[in-house]
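In what follows, chains carry the letters A, B, and so on, assigned in the order in which the sequence lines appear, proteins first and then strands, with residues in each chain numbered from 1.
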Amino acid sequence: MSQQTENNDIVKEENLVFKKTNVLLDKVMHYCPGCGHGTAHRLIAEVIEEMDIQSECIGITPVGCSVLMYNYLDIDMQEAAHGRAPALATAIKRLQPEKFVFTYQGDGDLAAIGTAETIHAANRGENFTIFFINNGIYGMTGGQMAPTTLPNMKSSTSPYGRDVKMMGNPLKMTELVAQLPGSYYVTRQAVHTPAAVRKAKKAIRKAIENQKLEKGLSLVEIVSNCNSGWKMTPLQSNKWMEENMFPFYELGDLKVDGGMAK
Amino acid sequence: MAKVKGSIVVDIERCKGCELCPPVCPTNVLSMSKELNAKGFHYVYMENPDNCTGCNNCALVCPDACITVYRKKLV
Ligand SMILES: Cc1ncc(C[n+]2csc(CCOP(=O)(O)OP(=O)(O)O)c2C)c(N)n1
Ligand code: SF4
Ligand code: SF4
């Protein structure tokens, strides 16, 4: 592995500020350049390292771009059928309540085919954590319209933009989950700037730590980009996300410690 | 305030040349190389290494965890 080294008097172990956590394996992730999935994986891995729960953590991967997440995190992981991760997480957490259990799901997985599993797991107050990566389309299969696609947003199956009269309205799953008595912590974050990354990491940590309280479901939505699917450069897609996704999918806490935040 | 000096090390074979890190650097340290890595990406490098404060911004936004950051207090 070739690396660039400069400033040799500074590049020393005692001056280390940041390096890739070992919970994230060295394998290069298959994601497109600039994709938020990679940053979200890294933050989850960092929290697992900081909480020192690597051997007590079980992750459930979805169907979607992040289907291969189990190749990247050095923890126990289980692959679920499309949308069924919350059902699998329910079983695993009930059988092994001492473990920290999370699902990682895209918006096609969580908000389309897996709507029932998501809503019912939340409503039952299952004591695990959902990480929900919302990029507004089906990334893996070629950028088709998802329930989360914005009004007038172009996708490969709404090439002239989503016409809500014909194609229905976008679904705010995170708001729905926050309404349910079984959810305990519900928040919407992003990972495209240093400040957003710091906030998102705190939210991820809180969402995992909540499992110790046994008070119900924690869900962290991460509004993210899909620059290939949106047909933009990574920088353009982050700007587009700020201008178009954030006004509709407002960042911030929706429910904290079982009480509505807004 | 004590002066600090920083440096980063980029794993250039991991870098996908996404260009997300140069704009978040407050001191304009980073640029994209003219050369390509084995995957064919223009990787990031320190064009102005003396300006680095080791603030960690670049490493925070990197989706591929390519950047290691060092910081030293100058006395
Ligand atoms: C039962 C089933 N139906 C459909 C598919 C096809 N399929 C694969 S990924 C996907 C959507 C993924 O989109 P999303 O969850 O938003 O994740 P992303 O790829 O955007 O991260 C679909 C419909 C499948 N694999 N299995
Ligand atoms: S650590 Fe901060 S100052 Fe140094 S290159 Fe990265 S963003 Fe720039
Ligand atoms: S953010 Fe990471 S992958 Fe993107 S250009 Fe910078 S070092 Fe390379």
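Contact count versus chain A (heavy atoms, under 4.5 Å) is highest, among B:C15, B:G6, B:C18, for B:C18. Between chain B and the residues A:L235, A:T233, A:N227, the largest count of heavy-atom pairs under 4.5 Å involves A:L235. For the options B:C58, B:A38, B:P63, heavy-atom pairs under 4.5 Å to chain A are most numerous at B:P63. Contact tally against chain B (heavy-atom pairs below 4.5 Å) for A:C32, A:C35, A:G38, A:G36: the top residue is A:G38. With chain B as partner, the option from A:K19, A:R42, A:E13 having the largest number of non-hydrogen pairs under 4.5 angstrom is A:R42.
Residue B:T68 holds its OG1 atom at 8.0 Å from CZ of A:F18, rounded to the nearest 0.5 Å. The NZ atom of A:K20 sits 10.5 Å away from the SG atom of B:C66 when rounded to the nearest 0.5 Å. The CG atom of A:D26 sits 6.5 Å away from atom CZ of B:R14, with the distance rounded to the nearest 0.5 Å.
Judged by distance alone, with hydrogens and angles left aside, the side-chain atoms of A:R198 form no donor-acceptor pair with the main-chain N or O of B:L60 at under 3.5 Å. Listed for the B:K16 side chain is a donor-acceptor partner under 3.5 Å among the backbone atoms of A:Y31.
With B:K72 as reference, A:I10 is the one residue of A:V11, A:I10, A:V17 to meet the side chain to side chain contact (heavy atoms under 4.5 Å, CB included) rule.
Interface residue A:H192: only backbone heavy atoms are found under 4.5 Å from chain B. Looking at B:N56, the atoms closer than 4.5 Å to chain A (heavy atoms on both sides) all sit in the side chain, from C-beta outward. Heavy atoms closer than 4.5 Å to chain B are found in the side chain of A:L24, but not in its backbone.
Using a 4.5 Å heavy-atom threshold, the side chains of A:M29 and B:D64 count as touching. B:V61 has its side chain out of reach of A:T39: every pair of non-hydrogen atoms, C-beta onward, lies at least 4.5 Å apart. Side chains of A:L16 and B:R71 form no contact here, defined as non-hydrogen atoms less than 4.5 Å apart. With a 4.5 Å cut-off on side-chain heavy atoms, B:L20 and A:N238 count as touching.
In this structure, A:E250 places its CD atom where only 12 or fewer heavy-atom neighbours from other residues, nucleotides or ligands lie under 6.0 Å away. Around atom NZ of A:K206, more than 12 heavy atoms belonging to other residues, nucleotides or ligands sit under 6.0 Å away. The number of heavy-atom neighbours closer than 6.0 Å to NZ of A:K99, taken from other residues, nucleotides and ligands shown, is above 12.
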| request: Test A:V28 against B:K39 for side chain to side chain contact (heavy atoms under 4.5 Å, CB included), laying out the working first. | output: CA-CA 11 Å; A:V28 174; B:K39 283 211 174 64; 4.0 Å; yes

